[in-house]
Amino acid sequence: MAQEWANYLAHTDSYKYRNSEGIGENLMCKWTCESIVKFWYSEIELYNFTIDPSIMHTLANHFTQIVWKSTVEFGIGKAHTRGGKLIVVANYRPAGNIIGGFHQNVLPLIKDDSSKKSADDNNTDDMDSLNETSIQSQSLLNH
C-alpha cells in the first residue's frame, strides 16, 4: 500500500496525502529513508508529554505517529521521481494521532535500570541512560 502510493507520487511528480480511511500516513520528499525517519523522530523535542491529551500535537505529529503504541501494522514505500527526488510514504494501521489517546500511546522515554549509579551519584540525572523503549516493534504491511 505504501509502496503503491510512493510509486504513484513519483510517477506523477506530486506530493499529497492519500487519506485512506483508518490508515495513518507520513510523507517526505528528499533525503534517504534513514534520514527521513530520523527527521520525523527528532520531533520528540517538540512534543510535550504532559500536555492535555485532548490537544493535537501538530508540531510533532510525525513523531507521535511513529511511536503510537496501538499501531500494529507498519508499511513503508519509496520511489524516485524522474527528476531524482526521493518520495517516502509510511503507513500505520490503525492510524495514530487520535485526540484523547496521546497519554496511552505516546510514552515518555524510560530510564535504563541497567546503569545503576553509585551512592555518590544518586542526586544527579544521567540523561545518557535514557533509552527508546517507548518505540514499539511493528509488523510490515504486506500490500
Side-chain angles (χ1 to χ4, degrees), residues 1-10 12-81 83-141 143:
M1 178 187 255
Q3 185 64 57
E4 174 188 322
W5 190 243
N7 291 344
Y8 170 81
L9 294 176
T12 60
D13 200 13
S14 58
Y15 186 76
K16 59 186 176 183
Y17 287 91
R18 186 179 222 164
N19 295 320
S20 297
E21 180 87 20
I23 304 290
E25 186 171 67
N26 284 343
L27 292 180
M28 182 61 69
C29 179
K30 220 171 161 177
W31 304 310
T32 65
C33 286
E34 181 181 353
S35 66
I36 290 170
V37 173
K38 285 181 179 179
F39 177 78
W40 288 337
Y41 190 84
S42 73
E43 292 177 0
I44 189 173
E45 300 298 325
L46 305 172
Y47 185 78
N48 182 342
F49 288 91
T50 62
I51 199 168
D52 182 340
S54 66
I55 296 173
M56 180 64 81
H57 293 267
T58 57
L59 296 177
N61 59 358
H62 295 105
F63 161 71
T64 54
Q65 178 63 85
I66 289 171
V67 301
W68 198 262
K69 183 178 178 183
S70 65
T71 294
V72 294
E73 293 181 300
F74 170 75
I76 195 158
K78 67 177 184 170
H80 289 275
T81 66
K85 289 186 289 188
L86 174 64
I87 305 244
V88 175
V89 177
N91 291 154
Y92 310 85
R93 188 180 356 224
N97 293 338
I98 307 300
I99 293 176
F102 287 92
H103 286 174
Q104 297 85 12
N105 288 285
V106 182
L107 307 176
L109 297 175
I110 300 172
K111 275 227 187 232
D112 184 354
D113 290 338
S114 66
S115 59
K116 298 286 183 193
K117 297 178 183 171
S118 69
D120 296 336
D121 294 334
N122 281 340
N123 294 328
T124 62
D125 286 329
D126 182 7
M127 293 304 289
D128 293 331
S129 70
L130 295 177
N131 63 37
E132 298 174 4
T133 57
S134 63
I135 298 176
Q136 302 294 310
S137 297
Q138 307 295 328
S139 63
L140 296 177
L141 286 173
H143 295 264

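Below, each value reflects all heavy atoms present in this structure, side chains not excepted, and no hydrogens, waters or symmetry copies. All of these numbers come straight from a predicted model, not from anything done at the bench.
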- Query: Would N97 and F102 satisfy side-chain contact (heavy atoms from CB on, under 4.5 Å), going step by step from the backbone distance to the final call?
  - Reply: CA-CA 7 Å; N97 293 338; F102 287 92; 3.8 Å; yes

- Query: Which of parallel (below 30°), tilted (30 to 60°) and perpendicular (above 60°) describes F49 and F63?
  - Reply: perpendicular

- Query: Hey, does E25 have a side-chain heavy atom less than 4.5 Å from the side chain of Q65?
  - Reply: no

- Item | Residues in side chain to side chain contact (heavy atoms under 4.5 Å, CB included) contact with L59, at least two apart in sequence or another chain | L46

- Residues which pass side chain to side chain donor-acceptor pair (under 3.5 Å) with N61, listed by chain and number, not counting sequence neighbours: none

- side-chain contact (heavy atoms from CB on, under 4.5 Å) assessment of N105 paired with T64: CA-CA 8 Å; N105 288 285; T64 54; over 6 Å; no

- Message: Before you tell me yes or no, could you show the steps for V67 and L107 under side-chain contact (heavy atoms from CB on, under 4.5 Å), namely the whole-Å CA-CA distance, both residues' side-chain angles and the distance that decides it to 0.1 Å?
- Response: CA-CA 8 Å; V67 301; L107 307 176; over 6 Å; no

- Note on the structure: Hits for ring-ring contact (aromatic ring centres under 6.0 Å, His included) against Y8, two or more places apart or cross-chain, chain-then-number order -> W5

- Between Y92 and I23, is any pair of side-chain heavy atoms under 4.5 Å apart? no

- Taking only residues two or more places apart in sequence, or in another chain, which ones meet A79 in a side chain to side chain contact (heavy atoms under 4.5 Å, CB included)? Q3, A6, N7, A10

- Side-chain touch F74/N91, heavy atoms, less than 4.5 angstrom: no

- Item | Within-4.5 Å side-chain heavy-atom neighbours: R93 and V72 | no

- Any side-chain donor-acceptor pair under 3.5 Å between S42 and W40? no

- Note on the structure: Between T50 and N48 the two heavy atoms that sit nearest each other are OG1-OD1, 2.7 Å

- Task: Of all the heavy-atom pairs spanning A2 and G77, show the shortest one and how long it is.
- Result: CB-N, 3.5 Å

- Return each pair, listed once, that meets salt bridge (charged side-chain N to carboxylate O under 4.0 Å, His left out) where at least one residue sits in residues 41-61; pairs must be two or more places apart or across chains. none

- Residues in side chain to side chain donor-acceptor pair (under 3.5 Å) contact with T58, at least two apart in sequence or another chain: none

- Are the side chains of I76 and V89 in touch, meaning some heavy atoms are under 4.5 Å apart? no

- Take I87 and K78, measure what side-chain contact (heavy atoms from CB on, under 4.5 Å) needs, and give me the verdict at the end. CA-CA 5 Å; I87 305 244; K78 67 177 184 170; over 6 Å; no

- Query: Is any side-chain heavy atom of W68 closer than 4.5 Å to a side-chain heavy atom of I66?
  - Reply: no

